[in-house]
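In what follows, chains carry the letters A, B, and so on, assigned in the order in which the sequence lines appear, proteins first and then strands, with residues in each chain numbered from 1. Note: hydrogens, waters and symmetry copies are ignored here, and every other heavy atom, side chains too, is used.
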Amino acid sequence: MHAVPPLLPRLLPRDALAVDVLDAARTLLGSVLVASTTDGEVAVRLVEVEAYRGADDPASHSYRGRTPRNAVMWGPAGHLYVYFVYGMHYCANVVCLTDGVPGAVLLRAGEVIGGLDAARHRRPTARADAELARGPARLCAALDVTRQFDGWDLTAGRELWIAADAEDHEQNGTPLRIVRSRRIGVTSAHHRLLRFFIAGSPYVSGWRSAWKVVPSGSPRRSTT
DNA sequence: ATTAGGATCAACT
DNA sequence: GTTGATCCTAATA
């Protein structure tokens with residue numbers, strides 16, 4: 001055994017995201033989204049994501065083709081696709097695959113690991129810190145992500161960027177486990193198990209005991 | 001603990 | 001005119 005390298009934040013490379021949405025989902029779990037704006041820096045470790053594909057996925061915004069709203073999904077991997085829903089919320093996705101092939105991973109929930117005060121200020125209705133970023137629109141609110149960041153390159157290391165998972169996480173001495181389930185809130189493609197989350201995490205949204213949940217490996221540290 | 005209804009608007013039929 | 005990749009509050013158990 002040689003010396004353990006320092007756990008410095010490392011920018012997640014675009015290559016790690018220019019892959020199939022299922023692989024990108026597993027890479028994103030454990031990664032940390034960092035937003036540095038004038039009112040503070042907030043960092044969120046992702047614990048729950050959902051994969052959305054293209055023409056073969058009726059639940060995806062890209063299913064019916066390219067529009068001004070969803071155009072970013074056809075662009076380069078590692079950029080952010082932000083959309084507005086229900087008249088008052090924003091949700092964010094990380095674009096995957098290669099240029100011209102739509103696909104993205106919805107960021108559904110995470111643990112606020114930095115900038116708690118700023119996050120609490122932006123999420124006044126949260127009654128516990130575990131609720132600060134539990135849910136896709138809450139996560140965006142905690143990071144102050146709006147349509148201003150639609151198309152933003154997360155791999156450039158500017159105000160909003162993504163850090164690779166730097167640790168081998170464990171709980172009670174065993175590695176964290178990824179499980180998958182059906183996606184939340186979608187009314188089509190119900191059967192597909194395209195939601196990925198960290199088993200047992202208190203920061204995961206929408207847990208339902210009745211749901212079918214299957215194992216799906218452990219978080220992957222990107223090696224590129 | 002679980003459920004139902006309302007808020008509020010851009011994109012799309 | 002209808003529909004959401006949602007969240008919050010209030011009501012019921």
Side-chain angles (χ1 to χ4, degrees), chain A residues 17 20-22 24-26 28-29 33 42 44 46-75 77 79-97 102-112 119-152 154 179-197 200 202-213:
Chain A
L17 298 168
D20 182 74
V21 289
L22 303 184
R26 280 183 277 252
L28 285 166
L29 288 178
L33 198 56
V42 173
V44 173
L46 301 173
V47 302
E48 179 189 352
V49 299
E50 280 176 357
Y52 287 86
R53 304 195 129 104
D56 63 334
D57 186 357
S60 174
H61 288 176
S62 60
Y63 182 61
R64 287 163 207 282
R66 186 171 177 155
T67 68
R69 172 173 74 149
N70 64 18
V72 172
M73 286 183 83
W74 276 260
H79 286 230
L80 205 63
Y81 163 47
V82 183
Y83 67 92
F84 185 64
V85 265
Y86 293 106
M88 56 183 82
H89 303 299
Y90 295 95
C91 296
N93 301 249
V94 175
V95 175
C96 307
L97 298 164
V105 173
L106 172 69
L107 309 180
R108 280 205 58 93
E111 172 187 6
V112 176
R120 289 177 185 135
H121 188 70
R122 293 167 182 168
R123 293 265 310 114
T125 57
R127 302 180 61 170
D129 287 346
E131 293 178 2
L132 289 172
R134 190 166 69 195
R138 291 165 165 184
L139 185 149
C140 280
L143 291 163
D144 201 19
V145 166
T146 67
R147 271 228 125 199
Q148 287 181 347
F149 284 108
D150 187 49
W152 185 268
L154 294 170
V179 291
R180 52 199 292 196
S181 77
R182 69 175 224 221
R183 294 174 292 188
I184 294 180
V186 306
T187 55
S188 53
H190 252 287
H191 56 290
R192 298 193 190 176
L193 302 179
L194 295 179
R195 171 173 174 250
F196 298 75
F197 61 98
Y203 306 101
V204 166
S205 77
W207 186 84
R208 298 292 180 282
S209 58
W211 285 7
K212 179 182 173 186
V213 169

| message | Taking any heavy-atom pair under 4.0 Å as a contact, classify A:A59: base, sugar-phosphate, or nothing. | response | base
| Strand DNA chain B as a dot-bracket string - pairs counted if Watson-Crick or G-U with both distances under 3.5 Å, | where the partner lies in another strand | |||||||.||||.
| request: Measure from CZ on A:R64 to P on B:dC12 and round the result to the nearest Å. | output: 10 Å
| task | Would you mind reading off the distance between A:R66 atom CZ and B:dC12 atom C1', rounded to a whole angstrom? | result | 18 Å
| request: Please confirm whether the backbone N or O of A:L193 pairs with a side-chain atom of A:R180, one donor and one acceptor, at under 3.5 Å? | output: yes
| task | Would you check if A:Y83 stacks with the base of C:dA5, given a 5.5 Å centroid limit and a 30° plane limit, both strict? | result | no
| request: Return the value, rounded to whole Å, for the distance between atom CZ of A:R122 and atom P of C:dC7. | output: 17 Å
| request: Check whether any side-chain nitrogen or oxygen of A:R108 sits under 4.0 Å from OP1 or OP2 of C:dT6, and answer yes or no. | output: yes
| message | Distance check needed: B:dA10 P versus A:H89 NE2, whole Å only. | response | 14 Å
| request: Measure from CZ on A:R183 to C1' on C:dA5 and round the result to the nearest Å. | output: 8 Å
| Are any of the side-chain nitrogens in A:D129 or A:R134 under 4.0 Å away from the carboxylate oxygens of its partner? | no
| field | Side-chain H-bond candidate by donor/acceptor type, A:S60 with A:R53, under 3.5 Å | value | no
| message | Using whole Å, what does the distance between atom P of nucleotide C:dA5 and atom CG of A:L139 come to? | response | 18 Å
| task | Grab the OH-C1' distance between A:Y86 and C:dT2 for me, whole Å please. | result | 13 Å
| task | Describe the nucleic acid contact of A:R147 in one word from base, sugar-phosphate, nothing, applying a heavy-atom distance below 4.0 Å. | result | nothing
| note | Rounded to the nearest 0.5 angstrom, the CZ-OG1 distance for A:R120 and A:T125 is 14.0 Å
